[in-house]
Amino acid sequence: MASLSPKSPEQNEKSKQYDRQLRLWGDHGQTALENGHICLINATALGTEVLKSIVLPGIGAITIVDENNVSDEDIGSNFFLETTSKGLNRGSETLRLLLELNDAVQGHSVQEPPDQILQENPDFFKSFSVVIGTSLNEKLIKDLSQYLWDLNKPFILCRSVGFLGSFRIQFREHSIIETHPENEKVDLRLDVPFTGLSDYFDSIVISTLELKDHGHIPWIVILYKAVQKWQTTNLNRWPMSRKEKNEIKDIIQQFIRSDENGVPINEENFEEAIRAVNTALLPTFLPVKVQDLIYSSAAINLTKESNPFWIMCSALRAFVEAEGKGNLPLRGVLPDMTASTEHYVKLQNIYRNQASVDAEIVYRKVQQIVSQLQCDSISETEVKLFCRHAHDLHLIIGSNIALEYQTGSPVASYIARHLEEPDVMMVHYILLRAADMFKSEHCRAPGEWEPESDIAKLKNCVSKILSDVSCSPFPKDDHIHEMCRYGGAEIHSVSAFVGGCVAHEAIKLITKQYNPVNNTFIYDGASTNSATFTF
Amino acid sequence: MNPVPSFSLYLILKMASGEVQTSDYQQRRWHNIRKVLERSGPFCHPDFEPSAEILDFIMNSCKVLIVGAGGLGCELLKDLALMGFKKLHVIDMDTIELSNLNRQFLFRKNDIGLSKAKCAVEFINKRIPGCEAIAHHCPIQDLDDGFYRQFHIVVCGLDSIVARRWLNGMLMSLLQYNDDRSLDQSSVIPLVDGGTEGFKGNARVILPGMSACIECTLDLYPPQKTFPLCTIANTPRLPEHCIEYVKVLQWAKENPWGSSTALDGDDPQHVAWVHEKAQERAMKYGISNVTYRLTQGVIKNIIPAVASTNAAIAAACATEVFKLASSCCANMNNYMVLNMSDGVYTYTFNAERKSDCVACSNTTRVMDIARDATLQAIYDKLCEDNAYLMKGPGITTIINGRNKTLYMASIKSIEEKTRDNLKKKITDLGLYNGAEILVADVTTPNTITIKLKFIENIDVEMSR
């Protein structure tokens, strides 16, 4: 019988429970999540669905702010309420049932009205990683978003009415190191080989290789050799045009050996080399997006308060200007390719070693900056991760929700442009806003009692918003009618869809991985359509 | 573009049943959904007539089968129960594991080892008053057409493509045609299908015999990632190659737990053994990063999963079930993809029917084949052609009124007896131009009839 070797670490319970998600955001993403604290204002079906998908993966803590008592309608649309919850505080009831999902999550419930907290105890919001609000009245939306903007706290405002749903993410800026791009570009430096790489290339002479080895050298070597040969008759230039690339393909064809009958031998590595010509010959360059980042004022004018992202950007700039000779630190990742183990591993180590040399240099620069600024230290692991993903760094500059309510703001003209296109999803946005306005004017949702009689009143609200964004009234009476049909109804499956999305975006904000929506998402469950707008 | 098929389940059934039962649909807790069911709107389905009877139908008549009680299934149960559905059936053969708890929210640590279907049903019936969900703890293949025929809508949250295809085939086989070969709409059981992988997912609505089915769109599934055996054996480069070597070759050779014990990805000792051996192999070749997590991922072919994506996809499916049952607005036409890895992106498109689809076209499929081809060529075509993509087809035919098994891999003794046929020419096996072969496979509950069409001049194809 085989026995369990002590060398094989038995996974602990937590990593087993979270296994399927750790494969998406890693242990460090999980740690960030476990240090996160979400505040939800109003435990509606939508709000509760958001929390469900954040509690399950193991957020550190949640706080629910809700002054309302549970109604029958709440029980009918919110899974985290029981028949016996009726009349009790909605926040504490949903909290109780949500916490059953994961005993690692801490929970708090606050029964004060949110506008009162904002007036009397605004510091309350300082301790959260993200604040999420649903069913907020117009005034609270404006006041809270302004306050959280000033406080530099991420805020997600979400809505669910009838078949329509939306969310709006507000932050000042959000930087992402691990964007997890679907097609990560390879970083091979064939045009600017570093010493270790060119030494390796020079150690191989294709024409003298034994046949077995010939079929086992990585395509990178083949391509490099072909370019070298081409350069001898082309003034050492780098092949750029399609014609020149075809010439490289021809040279690779000539490398392919033939058997005793003169028939070319089918060698996969050479075929891979020919296929790679078009992409792998792209010269190494500094992506414009990254250039903008490292030369932005936040990366140049560092202060003691600068966050690690900007400190690392600053160190990265110093690297690019000095050791990098205009290029980023080497990524150090070799894609899989046909090759013998020996060749592949050797080449992989050459790339890996150079990447860690580059990262080490950046780390030393980071340490220098940190000691000059006397700010909190940044770990070597963080810097390595940053260098590994330096090509895909992403920064989103946010905008204040309050701007959407300002006549003459650039956001207003953006909205007007989309309405004139006409973009039906922007019409939905206007109607969701109009329903908010209706509610603050009439103390009920449009159509809550009777749809027909509210159509004219809702139309007034739509007209007001349209005139605020300097847009002529649109003939969209059918959409106004549809909103009155909804009568403020919260349909569970629509809330569950938006709730899943909002939870997802909150996790992205907390783990600082994957690009979040920038910045407004509109969903229409009736037509199964969605759109993203950047206000 | 296909026109949107006109289909109203509610109308079909209303005509069939007639009487409205008295019920609890007037309770205050249903006020939210009653608004969209009892009021008309400008974007409603043309057949929609707002009335209180619709909620009564949803609650007391409409029988919905949820296939799978996992990540999507738990969400679907909750979503549908809160949309008024009471007559819910859930089928799942699996038991609860610790790694389910990060998203399958109807289960707790105490439930580990219990039936998913039973646990989920028990929870939902307790939480939502009036809900009468029923559990079936068994494989979908254990239940027959009589079982499936009782449902008005089937919604499916499976992780297996084979099971999905089997279920699709089952619903297609229930279709009935009128004398004029037109479809009898009362035999149509709509299938709403959801699937997720990490931060991506899809949801679709299938009206059997009316819109594209699973088999019509097989090419939408990504091909399975495999490693060539020679790489694994001779030139490993990636940690995955080392793990695959131990899994495929070394385990069978060394049989660490005896020859009767197959590798079990859920047995931590097995995984630990593979991990250790793969590490040894990796060390020998200078390959790094063979981790326990990766080892388990390769052995079990683990697909990452997270609560949020499942919630969104299940919700999209539930919305469609609600629309189907009520006609309160038009259904999705007919396939939505969701990608939440870069922002949140959805795209809905009309997946088109294949006019000669093996499952849903009510026509006999024709296979072009060279006159001098071997049976192996037919077999390979059944496995590799995008129209079939079968796993291990059994092929029979009828010669002079008698059944003749040409090849069957699923039963060992028959496989041995028929193996030689693969090398024979099809004409030597009694097949002719226009002959029909009958094909059975795990991807479908039905035997599929395929008509052979000999192509005389195959040079054209070869010179392409």
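Note that these values count all heavy atoms, side chains included, but never hydrogens, waters or copies made by symmetry. Throughout, protein chains are lettered first and strands after them, A, B, ... in sequence-line order, and every chain is numbered starting at 1. None of these values were measured; they are calculated from a predicted model.
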Identified ring pair (Phe, Tyr, Trp, His ring centres under 6.0 Å) partner of A/F167 from the options A/Y523, A/F497, A/F521: A/F521

Chain B contact via A/I176 - which portion, at a heavy-atom distance below 4.5 Å: neither

Residue, of B/A203, B/C328, B/A330, B/G84, that accumulates the most heavy atom pairs under 4.5 Å with chain A: B/C328

Per-residue contact mode, B/I302 against chain A (heavy atom under 4.5 angstrom): side chain

Contact class of B/F227 relative to chain A, heavy atoms under 4.5 angstrom: neither

When B/F199, B/Y345, B/F322, B/F107 are compared by non-hydrogen pairs under 4.5 Å with chain A, the top option: B/F199

Output field: ring centroids B/F349/B/Y347 closer than 6.0 Å: yes

Chain A contact via B/R237 - which portion, at a heavy-atom distance below 4.5 Å: both

Contacting region of A/T338 [heavy-atom separation from chain B under 4.5 Å]: backbone

Options B/G297, B/A305, B/A318, ranked by heavy-atom pairs under 4.5 Å with chain A, top entry: B/A305

Short N-O contact, B/R281 and B/E276, less than 4.0 angstrom: no

Contact class of A/K508 relative to chain B, heavy atoms under 4.5 angstrom: side chain

Contact origin within A/H180 toward chain B - heavy atom pairs under 4.5 Å: neither

Under 4.5 Å from any heavy atom of chain A - which part of B/S40: backbone

Close aromatic pair by centroid cut-off 6.0 Å: A/H343 and A/H216: no

Distance flag, aromatic centroids of B/F43 and A/H479, threshold under 6.0 Å: yes

Contacting moiety of A/S530, where chain B heavy atoms sit under 4.5 Å: both

Interchain contact, A/N518 with chain B, by part (heavy-atom threshold 4.5 Å): neither

Contacting moiety of A/P451, where chain B heavy atoms sit under 4.5 Å: both

Interchain contact, B/K300 with chain A, by part (heavy-atom threshold 4.5 Å): side chain

Residue part contacting chain A, namely of B/N255, when any heavy atom lies under 4.5 Å: neither

Residue part contacting chain A, namely of B/M332, when any heavy atom lies under 4.5 Å: both

Presence of salt bridge, B/R28 and A/E73, under 4.0 angstrom: yes

Short side-chain donor-acceptor distance under 3.5 Å, B/N310 and B/T196: yes

Interface moiety of A/Q513 toward chain B, non-hydrogen atoms closer than 4.5 Å: neither

Heavy-atom pair of closest approach, residues A/M425 and A/N529: CE-O, 3.4 Å

With B/L294, the side-chain contact (heavy atoms from CB on, under 4.5 Å) member among B/L238, B/N289, B/I243: B/I243

Which of A/V345, A/D336, A/I75, A/I491 touches chain B most, by non-hydrogen pairs under 4.5 Å: A/D336

Part of A/F163 lying under 4.5 Å from any heavy atom of chain B: side chain

Polar contact flag, side-chain donor to acceptor under 3.5 angstrom, A/Y486-A/E482: yes

A/E452 bridged to B/R39 by N-O distance under 4.0 Å: no

Contact class of A/D74 relative to chain B, heavy atoms under 4.5 angstrom: neither

A/T83 portion near chain B, given a 4.5 angstrom heavy-atom threshold: side chain

Engaged part of A/N78 at the chain B interface, taking heavy atoms whose separation is under 4.5 Å: backbone

Contact origin within B/L80 toward chain A - heavy atom pairs under 4.5 Å: neither

B/M83, part contacting chain A, at a heavy-atom distance under 4.5 Å: side chain

Working for side chain to side chain contact (heavy atoms under 4.5 Å, CB included), residues B/K323 and B/C329: CA-CA 6 Å; B/K323 290 185 202 172; B/C329 57; 3.7 Å; yes

Pairing of B/K200 and B/E197 as salt bridge, 4.0 angstrom limit: no

A/A339, part contacting chain B, at a heavy-atom distance under 4.5 Å: both

Residues A/E13, B/K109: salt bridge by 4.0 Å N-O rule: yes

Segment of B/E254 engaging chain A (4.5 angstrom heavy-atom cut-off): neither

Under 3.5 Å side-chain donor-acceptor pair for B/T319 and A/S493: yes

